[in-house]
Amino acid sequence: MGDFFKRVHEIVKMIPPGAVMTYGQIAKIIGNPKASRAVGYALRSVPEGVELPWHRVVNAKGEISTRRTFQGDEDKLLQRILLESEGVIFQKSNRIDLKRYQMFF
DNA sequence: CAGCTGACGCCAT
DNA sequence: TATGGCGCCAGCT
């Protein structure tokens, strides 16, 4: 695993319960604003046993991004449940209000 | 070394 | 709002 992935993980670890950050936002913080897709790729490969709130990362529209794997839907549902358990409210559009939940440095 | 892929983002329509 | 198209980039093959 490269340095980029590690930095993504370090940042995600800092997101407190009930708050979220976006893929693009994390990419910018790392210093590579155009690597948003790679951020998602990094969350896909979280080491076993590593505690990391991956569910607190959503896309720029405030929605849970679509997985391309065979268990994608199940994974998205889990992410939503985890966020709701922390008090995050989803709108009818299946999005959350970023102005309210997004965390900034 | 040369593609390929995808938990993205942005802009045009 | 909702789509569609395209650029980007780290890792994998």
Side-chain angles (χ1 to χ4, degrees):
Chain A
M1 179 167 51
D3 211 58
F4 181 87
F5 276 28
K6 291 180 182 176
R7 297 198 57 187
V8 170
H9 295 168
E10 288 305 309
I11 292 173
V12 174
K13 281 182 185 174
M14 300 172 61
I15 309 175
V20 302
M21 284 181 75
T22 68
Y23 299 96
Q25 179 187 6
I26 293 173
K28 288 178 184 175
I29 292 173
I30 291 180
N32 200 337
K34 297 175 182 175
S36 53
R37 299 191 69 160
V39 171
Y41 201 81
L43 292 187
R44 198 180 64 178
S45 55
V46 177
E48 283 298 326
V50 176
E51 186 176 343
L52 194 151
W54 54 271
H55 61 283
R56 297 178 189 145
V57 182
V58 298
N59 67 30
K61 291 179 291 191
E63 59 188 16
I64 294 174
S65 284
T66 302
R67 273 68 162 170
R68 319 307 198 216
T69 55
F70 64 106
Q71 286 190 337
D73 291 340
E74 184 182 337
D75 216 28
K76 287 177 63 176
L77 178 60
L78 171 61
Q79 180 169 5
R80 177 171 177 143
I81 297 299
L82 289 173
L83 285 174
E84 291 180 327
S85 72
E86 296 179 350
V88 176
I89 306 298
F90 280 76
Q91 303 166 145
K92 288 197 65 177
S93 57
N94 288 321
R95 298 178 185 178
I96 65 176
D97 184 2
L98 285 180
K99 296 189 302 297
R100 179 177 176 184
Y101 303 109
Q102 185 172 15
M103 172 194 174
F104 294 98
F105 284 151

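Order of the sequence lines sets the chain letters (A, B, ...), proteins ahead of strands, with each chain counted from 1.
In this structure, CZ of A:R44 is placed 12 Å from P of B:dT5, rounded to the nearest angstrom. Between the CG atom of A:N59 and the C1' atom of C:dT3 there is a distance of 15 Å, given to the nearest Å. To the nearest angstrom, P of B:dG6 lies 15 Å from NZ of A:K76. The distance between atom OH of A:Y23 and atom P of B:dC10, rounded to the nearest whole Å, is 14 Å.
Proximity of A:T69 to A:D75: side-chain heavy atoms (C-beta onward) are nowhere separated by under 4.5 Å. Residues A:L83 and A:R56 meet the side-chain proximity criterion, which asks for heavy atoms closer than 4.5 Å. Here the side chains of A:Q25 and A:F105 are not in contact, with every heavy-atom distance at 4.5 Å or above. At a threshold of 4.5 Å between non-hydrogen side-chain atoms, the residues A:K76 and A:S65 do not count as touching.
Nearest heavy atoms, A:A38 versus A:F5: O-CE1, 4.1 Å. The two residues A:A35 and A:A27 make their nearest non-hydrogen contact at C-CB, 3.8 Å.
Within a heavy-atom distance below 4.0 Å of DNA chain C, the residues of residues 88-105 of chain A found are A:R95.
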Take nucleotides 6-13 of chain C nucleotide by nucleotide from the 5' end and write B, S or -, depending on whether a protein heavy atom sits under 4.0 Å from the base, only from the sugar-phosphate, or from neither. -BBSSS--

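Distance check, rounded to the nearest 0.5 Å: CD1 of A:I15 to OH of A:Y101 gives 15.5 Å.
Relative to the six-membered ring of A:F4, A:R7 misses at least one condition, a distance below 6.0 Å or an angle of at most 45° to the axis.
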